[in-house]
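The model shown is predicted, which means the values in this text are computed figures rather than measured ones.
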Amino acid sequence: MAEETEGLPSREDFSAWYNEVIRRAEIMDVRYPVKGLYVWYPFGFALRQHTYTLLRSLLNRDHEETLFPLLIPETEFMKEAEHIKGFEDEVYWVTHGGLSPLDVKLALRPTSETAIYPMYSLWVRSHADLPLKLYQVVNTFRYETKHTRPLIRLREITSFMESHTVHTDWDDANKQVEYELGLSCEFYKDLGVPIIISKRPDWDKFPGADFTMAVDAVMPDGRTLQIGTVHHLGDHFSKTYNITYEDVNGEQKFASQTCFGISERCIAAVIGVHGDDKGLVLPATVAPTQIVIIPIIVGKRREEIVAEAAKLEAELKASGLRVKTDLRDMRPGAKYYHWELHGVPLRVEVGPRDIDAKQLVCVNRLGVKTTIPRENAAVSIEKLLDEAHDQILDKAENFLESHLKTAATVEECNEKLDGNVVVVHWCGDRECADKLEELTDSTLLGTEVRSKYVSNDEGNCIICGKKGKTALVGRSY
């Protein structure tokens, strides 16, 4: 407990802060004896559970949930050459069953197109079967050779939501791309995380896709974190896996497809975007504990105070809120530190003065103190939770806006890149993008930018001076 009160590293040293808050706030334990595989603590797992319950509630409007096997036969995996080339260095292979070599090697899914689409070719027969919109939340395995980091860069992605949809034509699939981008916007607004959407350059799109739209958050060090992708697959995979349907005229046609993914990086974004030097700052939408009640025990009124705290807890739980009362034999300040570290959105103090005045003192995670009447406390507290969510979202929006810079020259771009994402103009040529990345030690993230803080206009390419369009440059995780 003493370690909690010693203070975290400053969030200005984001890497050190992140590693410590993941451990001290009991999100993940990094000590599992395989690199890139981590163990969820119960508190972290509860955060995961609430986050994916929220995501499922959004997906279930338009999709159905399913589950496909982890193991993919090499014969199916190798059918799509461009797709495989994108993953060939990352695949884990199962070569033996016990001591016996397998006739056909089995891949641990790095992603599930090659597991799902052979089944889609059996399921889709007629235009009446379309659109088909399924998703699953599964673990995926990628032999990541870069520096691994909990929730951000893993060898086992434990919580990969992947949606796979099938449509009659390219345009209908494109409408689904837009729908899923809208769903991403809604999901991240519920998490209080501002996002930037952009179209990845062709060389950075999903292997086998017509195009890729990516969702990025900006972390406290100014680096971008990709926290979602939507891919328009066209008929590329349907031709490989023979996903055809009979149209209204009785003709056989290849379907068009999309896929859409969000991993536990969404939780890394919540931790990184909202946290402060005291620890986590969690939105009430996903916080394992939304309200902590701290009894302020004074003199001979202990039993009365504890009884009042229990009564309040019961009322709040009856309203569907996630509440805990901290009755540990510790001074209030130590309890405050503990629950601030764990990001609890609202602290409610119950002491003798509050009982006498028929009021409650509430302090949200950003330190805003409010006194509310004891009567109908649940209604007032729900309002305070909504206000707290708006406050953390506003704070995050202000950060994002202040860390988007513009540059017209490479020199200006280099001056502004540290700690920021830079908006430039780019002609679209690969050579200019490569030159820009070389000169700035950064990545050209994408074009067709969707953010209220970025104007999509024309200007002179930052490298060659020809007419170009708005593009984002940044350093990424």
Side-chain angles (χ1 to χ4, degrees), residues 8 11 21 25 27 43-44 46-51 53-55 57-58 185-195 217 219-220 266-294 296 309 312-313 315-326 332-333 335-350 354 359-402:
L8 292 161
R11 195 157 157 271
V21 83
I27 302 296
F43 180 81
L47 173 59
R48 173 198 180 275
Q49 182 180 28
H50 293 303
T51 302
T53 296
L54 172 60
L55 182 56
S57 73
L58 298 174
C185 291
E186 188 173 354
F187 176 58
Y188 283 110
K189 185 176 181 182
D190 287 343
L191 297 181
V193 174
I195 58 174
M219 301 296 263
C266 64
I267 298 172
V270 169
I271 292 168
V273 168
H274 298 315
D276 61 20
D277 285 354
K278 294 180 180 180
L280 301 177
V281 177
L282 298 179
T285 47
V286 295
T289 301
Q290 296 170 313
I291 302 122
V292 61
I293 300 170
I294 307 289
I296 309 298
L312 176 62
E313 179 181 330
E315 283 181 27
L316 298 180
K317 283 184 174 178
S319 294
L321 296 167
R322 298 188 289 274
V323 192
K324 284 188 177 179
T325 301
D326 192 339
K335 294 180 182 181
Y336 299 166
Y337 280 123
H338 174 84
W339 296 108
E340 286 170 349
L341 173 65
H342 288 79
V344 173
L346 194 67
R347 181 177 82 232
V348 180
E349 299 166 10
V350 179
D354 304 308
Q359 66 182 27
L360 297 169
V361 175
C362 304
V363 184
N364 75 19
R365 181 55 184 79
L366 295 183
V368 178
K369 182 182 286 191
T370 308
T371 301
I372 62 171
R374 174 64 183 85
E375 188 177 2
N376 296 321
V379 174
S380 298
I381 283 173
E382 286 178 354
K383 184 181 177 184
L384 290 178
L385 290 175
D386 289 341
E387 290 172 358
H389 188 279
D390 292 342
Q391 289 164 14
I392 65 170
L393 177 58
D394 287 346
K395 184 180 177 185
E397 289 276 8
N398 291 336
F399 174 86
L400 175 61
E401 184 179 15
S402 67

Task: Residues I267, V286; criterion side-chain contact (heavy atoms from CB on, under 4.5 Å); working and verdict - done: CA-CA 10 Å; I267 298 172; V286 295; over 6 Å; no

Task: Check: P283 and D190 side chains under 4.5 Å, non-hydrogen atoms - done: no

Open item on the list: Among residues at least two apart in sequence or on other chains, which ones pass side-chain contact (heavy atoms from CB on, under 4.5 Å) with A284?
Closed with: Q290, P345, L385

TODO: May I ask you to test the I294-W339 pair for a side-chain heavy-atom distance under 4.5 Å?
DONE: yes

Open item on the list: Less than 4.5 Å apart, side chain to side chain, heavy atoms only: is that true for F187 and T51?
Closed with: yes

Open item on the list: Does this structure show an ion pair linking E349 with K369, if we count only N-O contacts that are shorter than 4.0 Å?
Closed with: no

- [ ] State, with a plain yes or no, whether a side-chain heavy atom of H274 is found less than 4.5 Å away from one of L282.
- [x] no

- [ ] Name all residues meeting the side-chain contact (heavy atoms from CB on, under 4.5 Å) criterion together with K317; count only those two or more places apart in sequence or in a different chain, and write none if there are none.
- [x] E313, V323

Task: Beyond-backbone contact of L191 with L54, side-chain heavy atoms, under 4.5 angstrom - done: yes

- [ ] Please confirm whether the backbone N or O of Y336 pairs with a side-chain atom of R347, one donor and one acceptor, at under 3.5 Å?
- [x] no

Task: Evaluation steps, side-chain contact (heavy atoms from CB on, under 4.5 Å), between H342 and T289 - done: CA-CA 9 Å; H342 288 79; T289 301; over 6 Å; no

- [ ] Mind checking the OG1-CG spacing from T370 to L384? Nearest 0.5 Å is all I need.
- [x] 5.0 Å

TODO: Considering non-hydrogen atoms only, spot the tightest contact between R322 and T285 and give its length.
DONE: NH2-O, 3.5 Å

TODO: For side-chain contact (heavy atoms from CB on, under 4.5 Å), just list the numbers for L8 and L341, CA-CA rounded to whole Å, side-chain angles, deciding distance to a tenth of an Å, and then say yes or no.
DONE: CA-CA 9 Å; L8 292 161; L341 173 65; 4.0 Å; yes

Open item on the list: Distance check, rounded to the nearest 0.5 Å: L366 atom CG versus L346 atom CG?
Closed with: 11.0 Å

Task: Pairwise distance OG(S57) to CD(E186) - rounded to 0.5 angstrom - done: 8.0 Å

TODO: Check P220 against G272 and note the closest heavy-atom contact, atom names and distance.
DONE: CG-O, 3.0 Å

Task: Criterion side chain to side chain contact (heavy atoms under 4.5 Å, CB included) against Q391, the qualifying member of K395, E387, H389 - done: E387

TODO: Go through the steps to decide whether R365 and L280 satisfy the test side-chain contact (heavy atoms from CB on, under 4.5 Å), and finish with yes or no.
DONE: CA-CA 9 Å; R365 181 55 184 79; L280 301 177; 5.9 Å; no

